[in-house]
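Being a predicted model, the structure only gives us computed values, none of them experimental. Proteins come first, then strands; the chains are lettered A, B, ... in the order of their sequence lines, and each starts at number 1.
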Amino acid sequence: MRPTDLVPRHRPPEGSAADPFWAGLREHRLTLPGCTDCGATRWYLLPACSACGGLEPPRWTQLPGTAELFTWTRVERPFVAAPGPFTLGLLVCDGAEDVRLVAPISVSGTPRIGSRLTARYVALDDHTLPVFTDERSPAWSS
Amino acid sequence: MTSTARVAIVGTGTTGYRREQPESQAVLAARAVRSALADAGLTTADVDGLITESAVMPRQLPGDLLAAACGIRPRFSAQWMVGAGGTVAAPRLAQLAIGSGDAEVVVVVQSMGRADERPVDPYSFHAEDPVKAAYEMPMGWYGQATYFAAMATRYAHLHGPVDDALAAVAVEARARAAATPGAQRTDPLDRAGHAASRMVSTPLRSADCALISEGATAYVVTSLARARDLARPVVEVAGVGLSRADGTQTTWFTQRPDPLSTGAAESGAQAFARAGLTPADVDLVEAYDCFSITPLLQLEDLGLSPRGEAAARAVAGEWRLAGRLPVNTHGGLLAYGFCLGIGHLTEAVAQLRGGRGAGQVADAQVALVAGLGVPHHATAILTRGG
């Protein structure tokens, strides 16, 4: 199994407020936007900060790329283009514990809620996805 | 002190639900409205209020076209709250309009169907959200089954395995639909059939997912005084509660503080307070069931099951028609038809009137309807008589 087998193929839109997120991933950096007024992570990036109502442009901060698994599901019947089934995690990232990130995961055996995972990066034709893995992820073990 | 008008639901009507209907969304809506008015012994000339939910139906069928199709000239016309939050909360808005004198007879309608040759599609509604397109769809987090599957995984982590409970909910829904006129899926489903149905997003199988449906349902609200002069047994709107929005349509699924709570704790408490009733008074529940996990979460929020025990109680049969507290006595979105909660409300009316035959809850006096709207929730408590 190759890393590209693990992820869907739905392109992010261009010209949205999320552009810096996808630009960071292309350079293998996980970045999230924070409120310049109160410091809360703004995820997702809505017009106002949900914590303080701040309206100023966010400050993007690089995270270490480690996370704890909050919950997950194995998508056997994808509703976006994909080479096959994939597993998704809802993750609490170190450095942004006030929000949760959805991303593909790849671990050995059944995922365990509460386990510690680390982001790797999978380059596709037009964009790069993070995949959160453990040390024995089958896609990176060979 | 403020007083609120006492109102009743005096008519219900539906086209019934099928995977595809030969007629358009607007025509289906018109048929459901005429049927509901005939049931009430009223005509379109009596109607001066029209309510729909605000998010799904107006995308394809704006309110003015809807009113024209139904032959209604509303003075009071409103689209409010999202999905089942709107269809279940609508009696509250009708109550306010009737109490203020802005309307006397209010019709609430929900129609799923084709418009301008565009097929009904429960997914595209979410795809049009630019936030979802930018952050979630590229990750593969798309399709409502995925969101609720992740909740079910978390529930199982905290409270124990859920597979048998999901199967129990899905199997009972199909059995209840078989005893309900107009239901879409009436073919029997047993535990083996559930286990053999296609896995969509673990742990949810296709039998755990709402149907895709076309059809329409309407109901009529007017003052209790006028209801007593009409033909049908009186069903009073005893109390409706609304929860505060928890984020947006998109952030609700991933970012709300407690991902296993639905807002029903807040809407339920308000509905019980307004009705002067408690969970112990409830004889039956109609709870939004987009997936088989969803009613279990709401039962716990509403105080109708101890926290973390709704799944085990489903396995024990507590929510079946023959159980302690029957839930979704028409088969719900899983088997009756996907109609954004309005079918749950009209089924509660049918139960309180009596005459549901093989699907009747014995001596039903108090029915609770739980409408998950995302990012908010509505609970309506209806009572027989009044």
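For the set Trp72(A), Tyr44(A), Trp43(A), Phe21(A), the entry with the most heavy-atom pairs within less than 4.5 Å of chain B is Tyr44(A). The choice from Gly247(B), Ala156(B), Pro203(B), Pro259(B) that makes the most heavy-atom pairs within less than 4.5 Å of chain A is Pro259(B). With chain B as partner, the option from Val80(A), Ile113(A), Leu88(A), Val131(A) having the largest number of non-hydrogen pairs under 4.5 angstrom is Ile113(A).
Judged as a side chain to side chain contact (heavy atoms under 4.5 Å, CB included), and not counting sequence neighbours, the contacts of Ala51(A) are Cys38(A), Ala40(A), Cys49(A).
Contacts of Ser206(B) with chain A are absent, with no heavy-atom separation under 4.5 Å from either backbone or side chain. With a 4.5 angstrom heavy-atom cutoff, Arg256(B) touches chain A only via backbone atoms. Looking at Pro12(A), the atoms closer than 4.5 Å to chain B (heavy atoms on both sides) sit in the backbone and in the side chain alike. Residue contact with chain B, scored on non-hydrogen atoms closer than 4.5 Å, involves the side chain of Leu90(A) exclusively. Heavy atoms closer than 4.5 Å to chain B are found in the side chain of Trp22(A), but not in its backbone. Contacts of Pro130(B) with chain A are absent, with no heavy-atom separation under 4.5 Å from either backbone or side chain. Of the two parts of Leu45(A), the backbone and the side chain both hold a non-hydrogen atom closer than 4.5 Å to a non-hydrogen atom of chain B. Residue contact with chain B, scored on non-hydrogen atoms closer than 4.5 Å, involves the backbone and the side chain of Ala103(A) alike. The parts of Val75(A) that come within reach of chain B are both its backbone and its side chain, each placing non-hydrogen atoms under 4.5 angstrom from that chain. Ser50(A) does not touch chain B: none of its heavy atoms, backbone or side chain, sits under 4.5 Å away.
Cation-pi contact between Arg74(A) and Phe86(A): absent, since separation from the ring centre below 6.0 Å together with deviation from the ring axis within 45° is not met. A cation-pi arrangement is present between Arg77(A) and Phe79(A) under the rule of less than 6.0 angstrom and at most 45 degrees off the ring axis.
Aromatic rings of Tyr147(B) and Trp252(B) (six-membered ring for Trp) have centroids beyond the 6.0 Å cut-off, not under it. Proximity of the aromatic rings of Tyr336(B) and Tyr17(B) is defined here by a centroid distance below 6.0 angstrom, and this criterion is met. Residues Phe148(B) and Phe253(B) place their aromatic rings such that the two centres sit under 6.0 Å apart.
When only modelled atom types and interatomic distance are considered, Asp94(A) and Thr66(A) share a side-chain donor-acceptor pair under 3.5 Å. For the residue pair Ser243(B) / His376(B), no side-chain donor-acceptor distance below 3.5 Å is found, with atom types taken as modelled.
Sorted by first then second residue, the salt bridge (Lys or Arg N to Asp or Glu O under 4.0 Å) pairs that include residues 4-25 of chain A, not counting sequence neighbours, are Arg2(A)-Asp5(A), Arg11(A)-Glu14(A), Arg11(A)-Asp126(A). Listed by first then second residue, pairs satisfying salt bridge (Lys or Arg N to Asp or Glu O under 4.0 Å) with a partner in residues 23-36 of chain A read Glu27(A)-Arg29(A), not counting sequence neighbours.
Checked by atom type and distance alone, the side chain of Arg59(A) never pairs as donor or acceptor with a backbone atom of Thr36(A) at under 3.5 Å. A donor-acceptor contact shorter than 3.5 Å links the side chain of Arg42(A) to the backbone of Leu46(A).
Contacts of residues 164-173 of chain B with chain A at a heavy-atom distance below 4.5 Å are absent; not one residue qualifies.
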